Engineer: 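Attaching a single structure in structure tokens format; questions to follow.
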Amino acid sequence: MTAQLNVSDFLHGGDYNPEQWLDHPEIIDQDFNFFKEANINDVTLGIFSWAQLEPEEGKFDFSWLDDIFDRAEAQNGHVILATPSGAKPRWLAEKYPEVLRTNEDGSKNIFGERHNHCYTSPVYRQKVQEINRKLAERYGHRKSLILWHISNEYGGSCYCDLCQDAFRDWLKAKYHTLDNLNRAYWAKFWSHTYTSWDQVHSPSPLGDQTLLGLNLDWKRFVTDRTIDFYEAEIKPLRELTPNIPITTNFMGGNPPESHVHYDLDYQKFAQHVDIVSWDSYPNWANDYESTAHLAMKTALMNDVMRSLKHQNYLIMESTPSQVNWHPYNRAKLPGMHQMGSLQQVAHGADAVNYFQLHQSRGSSEMFHGAVITHQLSDKTRIFKEVAQVGQDLVNLKPAKATHYQSAKVAIVYDYDNMWALDDSRNYSNETKKYWRTIQEHYQYFWEHDIPVDLISTQDDLTPYTLVIDPMHFMMSEAFTEKLRDYVQQGGHLVGTYMTGIVDKNFLAYLGGWPQALHDVYGVEFQETTTLYPKQHNHVAAFDKTYTVNDYADTVTVDTAQSLATYQDDFFAGSSALTKNTCGKGTAYYVAARTEEAFLEDFYDQLADEFSLKPDLPIEKQGPTVSIQVREKAGQQFFFVINFSEKPATVTTTKSLTEVLSGQNVAAGTQALKPFDVKVYTV
Amino acid sequence: MTAQLNVSDFLHGGDYNPEQWLDHPEIIDQDFNFFKEANINDVTLGIFSWAQLEPEEGKFDFSWLDDIFDRAEAQNGHVILATPSGAKPRWLAEKYPEVLRTNEDGSKNIFGERHNHCYTSPVYRQKVQEINRKLAERYGHRKSLILWHISNEYGGSCYCDLCQDAFRDWLKAKYHTLDNLNRAYWAKFWSHTYTSWDQVHSPSPLGDQTLLGLNLDWKRFVTDRTIDFYEAEIKPLRELTPNIPITTNFMGGNPPESHVHYDLDYQKFAQHVDIVSWDSYPNWANDYESTAHLAMKTALMNDVMRSLKHQNYLIMESTPSQVNWHPYNRAKLPGMHQMGSLQQVAHGADAVNYFQLHQSRGSSEMFHGAVITHQLSDKTRIFKEVAQVGQDLVNLKPAKATHYQSAKVAIVYDYDNMWALDDSRNYSNETKKYWRTIQEHYQYFWEHDIPVDLISTQDDLTPYTLVIDPMHFMMSEAFTEKLRDYVQQGGHLVGTYMTGIVDKNFLAYLGGWPQALHDVYGVEFQETTTLYPKQHNHVAAFDKTYTVNDYADTVTVDTAQSLATYQDDFFAGSSALTKNTCGKGTAYYVAARTEEAFLEDFYDQLADEFSLKPDLPIEKQGPTVSIQVREKAGQQFFFVINFSEKPATVTTTKSLTEVLSGQNVAAGTQALKPFDVKVYTV
Amino acid sequence: MTAQLNVSDFLHGGDYNPEQWLDHPEIIDQDFNFFKEANINDVTLGIFSWAQLEPEEGKFDFSWLDDIFDRAEAQNGHVILATPSGAKPRWLAEKYPEVLRTNEDGSKNIFGERHNHCYTSPVYRQKVQEINRKLAERYGHRKSLILWHISNEYGGSCYCDLCQDAFRDWLKAKYHTLDNLNRAYWAKFWSHTYTSWDQVHSPSPLGDQTLLGLNLDWKRFVTDRTIDFYEAEIKPLRELTPNIPITTNFMGGNPPESHVHYDLDYQKFAQHVDIVSWDSYPNWANDYESTAHLAMKTALMNDVMRSLKHQNYLIMESTPSQVNWHPYNRAKLPGMHQMGSLQQVAHGADAVNYFQLHQSRGSSEMFHGAVITHQLSDKTRIFKEVAQVGQDLVNLKPAKATHYQSAKVAIVYDYDNMWALDDSRNYSNETKKYWRTIQEHYQYFWEHDIPVDLISTQDDLTPYTLVIDPMHFMMSEAFTEKLRDYVQQGGHLVGTYMTGIVDKNFLAYLGGWPQALHDVYGVEFQETTTLYPKQHNHVAAFDKTYTVNDYADTVTVDTAQSLATYQDDFFAGSSALTKNTCGKGTAYYVAARTEEAFLEDFYDQLADEFSLKPDLPIEKQGPTVSIQVREKAGQQFFFVINFSEKPATVTTTKSLTEVLSGQNVAAGTQALKPFDVKVYTV
């Protein structure tokens, strides 16, 4: 079942918790005036409001929320309504301790913080369904209600007896027999053979931590259990409000790595939401990387989120200034808020929402940035920059019905692979760096404005001219064959070191690579050399020499052609990059981790060969300006952003309209201020 | 009720635990001979002696202690008698487990270590009162008894059910209603509303850790609970020995930060003791700072202790050589013991006591420095240096009845503020550095021999010409008004960045600064920029440019005058230092954290303007020589100390007497050896 | 009772767990073919096979193991049979939870991992004895059975109530009365007096952690308890197979420190095994030290193992390529496997065994190197290098009956001393570095091919010309006298800073050094200066100046002669190295920790003076080539190994036979390839 989000404007708003100010209605009055002033057109209500909505078990108070709905509607605003399960009331935990989470070491939580309920507890599921039903009954037909926001940033796991039982059931459904389980976990090793299902227990610091299959299954189970809880949450909503779309706010991209969210398989979870939304908190203005480098990593995260459903998505949270949980909570510099907000729109976001609209006066997030700060003023730098973005989004309305341009390049990433690789007792834990590797492969394309999708192993490969599949350590046989089919039918593939080592049960492939990998790459994997940090090899290719770090596979070349050779160590002279023709396509094997320049030169050749570079009416110098395209039938919008504290120029090659200013622009040089954004259309 | 310490000599002695040697009386004989040799005139007895005094429940053995009293009195020595509550006997913990502390995670201690009893346990309080009563009855009228030493280095906290109940009672007394509590804790946020007092629990890694008001109240409660226990301890002593003064040994100043003691609010606790005493363990001879820099930090700690009651104080513990718990336990170099001991006297100490007089043969502190070491000899370097200090204190007897000179400068520090600032989710945890900031402001004055008091928000400000109030993040409205009154009546005030942000409930001030701060500084705070470590701004002032680190407030200037401007970032050109006339006084706002040179130049101007520099008959070159003054009616003693491994000179501008040597010294150049001390008087 | 290992070949083989492949007999067939091909002549069976041998309580299945014995015997292979106690079956833990270990904090393990059973549990001891008896009954008379391998890498400790009781019994047996215990633990300090045996508890993070005697006794107890368990394990084996020798695999030498095993006193444990075996895992090809430096540290570890029983020993585990638990799991470079394997043989190893022969397909050790890898091929680099070593060992058969040359130099090390020194609250925990100090003293001798034994305080000193006794902080009075006797009778002794401080009860020696130390060294220890890392002193000696780091003892010289003096600090000019004649011998006291060059020059003088340098028919240049000698009556074998990635040469001074190649070699220059090994004999 899927419901659509039907809004004709870009959304601009965010989390609003007026229950903090009910004894100061003049503050709420002022808030709504400020919303209007800043072109804020949506409020996300009810997150963590359970104690206010149900102050005692079974006694509900919706009056204050009715009032906020009325106020929103009075100025034609939209409401995103949250279910309150992310933070339970104290009375609930007091009466039903089973709703509290049990930790990995067996200790039981007391009430506190949030996001820490048991996902299995029948009582908790029942109580959540009750209040969700009440909310749907009361607000489901409000004209302002456009979207359900389920809970908040699902995460973590519970290790209580109820969850242990659920895990056992999950394993029974997967493996059917203990014999299958023992085989999959290679449990004869170290006498770990299970002789009863009751012996199954989650990984534990007091028990098993190195049964690799168990570790991985537990992570898979946690995703499934979370989705199962989510499905229970939304049941009354689907029943009562089938036309209101549903989302839950995903996470990812946090400093310093801008890493994809780790603990839940969002590629799986995304199949259960109507629209993807996420909370985006890059630390602009940090001191360890250029603005452009962080922009690249943030672009990637936006492409990840868009690719989950291959649809536009929403920014559900972002900060107008600073957060309160980075190691250094520096506010954005002037202009950065516009820069960062419109970057997200450029990559396919249809909303710029904030956490939060009005800063909490006390407690843990009182210093997290907000549109309306403790100064209670519309004269702050923050407020003005927010209002600027509000105006931008109004001006961008003609671009609202567009989608991000379709990509000819895809990068594969996979949760099972990431988890398995990190848990594998091989290589070096310090240098595996799966996501950084994804970023390194992505960088060339971002710098050259070539659109990229970040896809799962379940996605269709055939729309893509080039598929890049880095460090695919854990790969199913099915996917090896999918890759072979793709290449044989004309696709182009890039694979790398540390690929095709284990199957989905975390068991090693025996007798060498799966046949399909051998066929597609035309080489046979021999061994991976793990280099210490001060050790390097070198690769000669493209008339240059490049440094090798961390990892170097050695391969024997069969049908492939060698494009680069190692220069050092006992495998000097052997192939470090190969190209194989397989059916109608080609496959490249990048055997070593190199400095970035190698990937840049390599992909530049492929971009030329496969005609990947975009044909744009705007030319740029250097990689710190990014040009992203949203389009609909007959019209393209070119988002040109200067990710630098220095001015820049671009050259428009024909007459264009700049949408934010509404001005027509003749062909020629266009100036960009620091952190500037221009949106051109024909 | 206050009793006075009446001793005509400086005290020189320390902790003595002869119960370790009862089967070797010849060692005790020799110890007392050595005491005489080293001019040791006091012994602190009974610390941790409970198991010896009460070997079985209700069976007491005081015979050995009687003997030690006799021995002390036989050579006219003083006795400081400790209550033994710092370390309970095993039988007590075995029979009454409630006396053992419960940890933050709910785990219960078994017997071990020390300083870890429950402060609430009725049994423990009863048992402590019983033994204290016995001690008072038996020794209260001994002529040698000059002082009670209550327990030892109170610290830590207990999280047992008894303490949780006590905490609930404390909160009820403070807030009266749950509604008040919820408002103060801003508990509606995240659905944390309390609906029953039973739901209250201390902060916990298994529960709440980010309810800022709760965290702060717990810290306040721990101080109050500790004082409550202390008051229970001293009850029989006040009853039986009303004329014997009472102290407990405070802590602070430990390497590497020389930080004021953190966990207990000594400004509050000090109101309950008759005289302040503390344990001082600077790591002289370290490798990361100059001797003078550590001397400055140690001077500050002594000024802190003296300022607690604005009275002379006692060094209750110090080491003659090395400790055993620093990361590197290096002994003092020759001369450093005299240097460090007399520095304390110079700042107002009336005692130089050691932990310990005779080194323990085994167990955890067997390698902590002691006057009599395992060598059992008076020929060791340590013994000779101790005996030298003993002789010095005899020679200094004319200076005994003096007090530290009165200060015209005060620096405000506040425990609530320190705790709140450190717990605030803002800025950067790495760089808040409240105490280091206090040190940076103090440094100028120490280097120029200008006396400083370190005062609390409860202290009277009017005696001071200049009050410095750094990083006063949490400030009550009452104190904002106290500051305004002080300045309006002619006082001079220096405040800094990150001031006046939250009230005493840890709730943000709304609508900008409290009016009184606005009035006094004549500016309005806008925002604090948190810089990453590699980021810097610069300030132009006094015809120079200074580097800005970590923090830079931006302010709008109202009635103030700008004395310095930022050079970089979007707020280049705005004020970084302002001066405001308010009534008869002036107030300066230092908006940014700068390199030390800025404060030096700034305070040098103020020192001239407000005539803060002392008028001394001794002139020095450079800041590594320090001159501190003790005085009484008609006489001043000038403690001149060379905090350097290099020789130095000072110039006496008139004829003086050097007290340690007893020599008269004509005006002229006086040589100081490395680490040398001279005490001059007219 | 001692049984001898009677095998005429060097052993080459290792751990083999075919129970993982019972459903693939073709793999087992192939394995045995590969064994033959690689000259593998032994398999170690049954480690961690308990769940396969006894799938349900009391139901045994030996059929598969019978088959493997048959296969081994069919190709004249040897079997080392392991008892399976290192990993219990799940059903055992499920039915008898007492077998699971309790942790230091009182938490109880659930089933998981391995090596974590309670050493006291009567049930576990009974179950282990049952299965061991079955194994002995069934396989004790198999002709292929050459050795029992008891459990696996004994380690860790249990803190359950059963173990607490056992600890109390152990203490009662040692101290007899509480009074003795209290005196030994110096328990009057801090009121820690025991008044009941029930109050005794192991050191605990919830209780006592600084009662130094208790900490040390617990470590001693853990060794004794482990040996007690081991003795229970072997009881049925001794009864049924009195002629089959018994070993258990010891550990040590792991990166980065190549430290001797820490937790168990192997000097004590070794008295209970028939032959020493150990698991050797140096990280050849790392990036932080030269191959020669790691070779020195590894040579030392081999000398340690040989010296435990002053007999040849076995390498029970090693990797043919890489491990999976180093921070960087780099495989050996080509040639390193031969280099490292034959180094062990050169130092007295009679076996080169691997963990493991066939790589596990899944679970925690699936990526640990193995002879037969997932590629299931004899064409891998690993396999070929293993086969090379197999051939080498065949060629070396004439050297099998030899022993390592007898040493004239001994270095003393002691477990009590190591534990006590590390736990002493003195000096700096960062820089104690006992084992590194042992290595620094050893280095000179290794570099000059002078054989060294690493001996315990129980060993006879009289066979040695020179005894080196570094940092002997905890020394019994008996050993001080043993040292004096040794020197008086003509021995030569070197001692160092931080010696003779405490007795075996961890109580300080009073009144200065024990008389015997004073007599032997002719100096009196005064104090130890602990230097911070950036602080240094210097020593003038041998017409040079050397840097002093970390520690500098000051001594007063009595009968000794000063050979070197300090240059800095207050003790400049005092002795840093002394020489004393005592009876017929001499004793040197090295008062400070110096740069390596000092020890090199010092020992070079002693080597000349005491004629320690070997007389070899091979001359080398520089320290990266090592020459070790195995010998028997009438014949010597010279193992010449190039521990460098660069070629080297040696000069043979007479005609020799090179054993690996079988070639006769005329006197002259002999080339060594990188990592090359030559074995010469006359």
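What you are looking at is a predicted structure, and each value in this text was computed from that prediction instead of being measured. Note on naming: letters A, B, ... go to the chains in the order of the sequence lines (proteins, then strands), and numbering restarts at 1 for each one.
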Engineer: Could you tell me if B:Lys134 sits above the aromatic ring of B:Phe60, with its cationic atom closer than 6.0 Å to the ring centre and no more than 45 degrees from the axis?
Structural biologist: yes
Engineer: Between C:Asp208 and C:Tyr185, do the side chains contain a donor N or O and an acceptor N or O under 3.5 Å apart?
Structural biologist: no
Engineer: Given that the side chain runs from C-beta out, which part of C:Asp569 has a heavy atom under 4.5 Å from chain B: side chain, backbone, both or neither?
Structural biologist: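 Contact with chain B involves the side chain of C:Asp569 alone.
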Engineer: Name the region of C:Thr193, side chain, backbone, both or neither, that has any atom closer than 4.5 Å to a heavy atom of chain B.
Structural biologist: both
Engineer: A quick test of your reading: do over 12 heavy atoms of other residues, nucleotides or ligands sit less than 6.0 Å from NZ of C:Lys108?
Structural biologist: yes
Engineer: Based on non-hydrogen pairs under 4.5 Å, which of C:Gln526, C:Lys534, C:Glu527, C:His192 is most in contact with chain B?
Structural biologist: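 Highest number of pairs under 4.5 Å: C:His192.
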Engineer: Just so I understand: if I count every heavy-atom pair under 4.5 Å between each of B:Ala51, B:Ser377, B:Ser364, B:Ala87 and chain C, which residue has the most?
Structural biologist: B:Ser364
Engineer: Looking at C:Pro203, C:Ser191, C:Gly512, C:Ser428, which one has more heavy-atom pairs under 4.5 Å with chain B than the rest?
Structural biologist: C:Ser191
Engineer: Do the charged groups of C:Asp422 and C:Lys432 touch, with an N to O distance under 4.0 Å?
Structural biologist: no
Engineer: Using non-hydrogen atoms only, which part of C:Pro533 is less than 4.5 Å away from chain B: side chain, backbone, both, or neither?
Structural biologist: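 Answer is both: backbone and side chain atoms of C:Pro533 are under 4.5 Å from chain B.
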Engineer: Heavy atoms, side chains only, cut-off 4.5 Å: are B:Leu45 and B:Leu65 in contact?
Structural biologist: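 Yes, side chains in contact.
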Engineer: Under a 4.5 Å heavy-atom cutoff, which of B:Leu22, B:Asn103, B:Asn17, B:Asn109 has the most pairs with chain C?
Structural biologist: B:Asn109
Engineer: Answer with side chain, backbone, both or neither: which region of C:Tyr194 has an atom nearer than 4.5 Å to a non-hydrogen atom of chain B?
Structural biologist: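 Contact with chain B: backbone and side chain both.
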Engineer: Which one wins on heavy-atom pair count under 4.5 Å against chain B: C:Phe189, C:Trp190, C:Phe570?
Structural biologist: C:Trp190
Engineer: Strictly by modelled atom types, are B:Glu365 and B:Ser360 linked by a side-chain donor-acceptor pair under 3.5 Å?
Structural biologist: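 B:Glu365 vs B:Ser360: no donor-acceptor pair found between side chains.
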Engineer: With respect to chain C, which residue among B:Phe48, B:Trp50, B:Trp325 yields the maximal number of heavy-atom pairs within a distance under 4.5 Å?
Structural biologist: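 Of the options given, most contacts go to B:Phe48.
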Engineer: Between B:Phe367, B:Trp91, B:Tyr288, which shows the greatest number of heavy-atom pairs under 4.5 Å with chain C?
Structural biologist: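 Most heavy-atom pairs within the cutoff with chain C belong to B:Phe367.
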Engineer: At a heavy-atom separation under 4.5 Å, does B:Arg381 approach chain C through its side chain, its backbone, both, or neither?
Structural biologist: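 Only the side chain of B:Arg381 comes within 4.5 Å of chain C.
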Engineer: Under a 4.0 Å threshold between the charged nitrogen and the carboxylate oxygen, would C:Glu257 count as salt-bridged to C:Arg436?
Structural biologist: yes
Engineer: List the steps, then state whether salt bridge (Lys or Arg N to Asp or Glu O under 4.0 Å) holds for C:Lys219 with C:Asp423.
Structural biologist: CA-CA 11 Å; C:Lys219 284 188 169 296; C:Asp423 199 31; over 6 Å; no
Engineer: Check each atom of B:Glu94 against the heavy atoms of chain C and say whether the ones under 4.5 Å are side chain, backbone, both or neither.
Structural biologist: side chain
Engineer: Under a 4.5 Å cutoff for heavy-atom pairs, which residue among B:Pro55, B:Pro327, B:Pro89, B:Ser107 has the most contacts with chain C?
Structural biologist: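 If we count pairs closer than 4.5 Å to chain C, B:Pro327 comes out on top.
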Engineer: Charged N to carboxylate O under 4.0 angstrom, C:Arg183 versus B:Asp23?
Structural biologist: yes
Engineer: To check you understand the geometry: which heavy-atom pair defines the closest contact between C:Asn215 and C:Gln209, and what is its length?
Structural biologist: ND2-O, 2.9 Å
Engineer: With a 4.5 angstrom heavy-atom cut-off, is it the side chain or the backbone of C:Leu214 that approaches chain B, or both, or neither?
Structural biologist: neither
Engineer: Is chain B contacted by the side chain of C:Asn182, its backbone, both, or neither, given a heavy-atom distance below 4.5 Å?
Structural biologist: neither
Engineer: C:Asn426 versus chain B, heavy atoms under 4.5 Å apart: side chain, backbone, both or neither?
Structural biologist: both
Engineer: Counting only heavy atoms closer than 4.5 Å, note whether C:Thr554 contacts chain B via side chain, backbone, both or neither.
Structural biologist: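 Answer is neither: C:Thr554 stays 4.5 Å or more from chain B.
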Engineer: Taking 4.0 angstrom as the limit, do C:Arg593 and C:Glu440 come out as a salt bridge?
Structural biologist: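 Looking at C:Glu440 together with C:Arg593, the answer is no, because their closest N to O distance does not fall below 4.0 Å.
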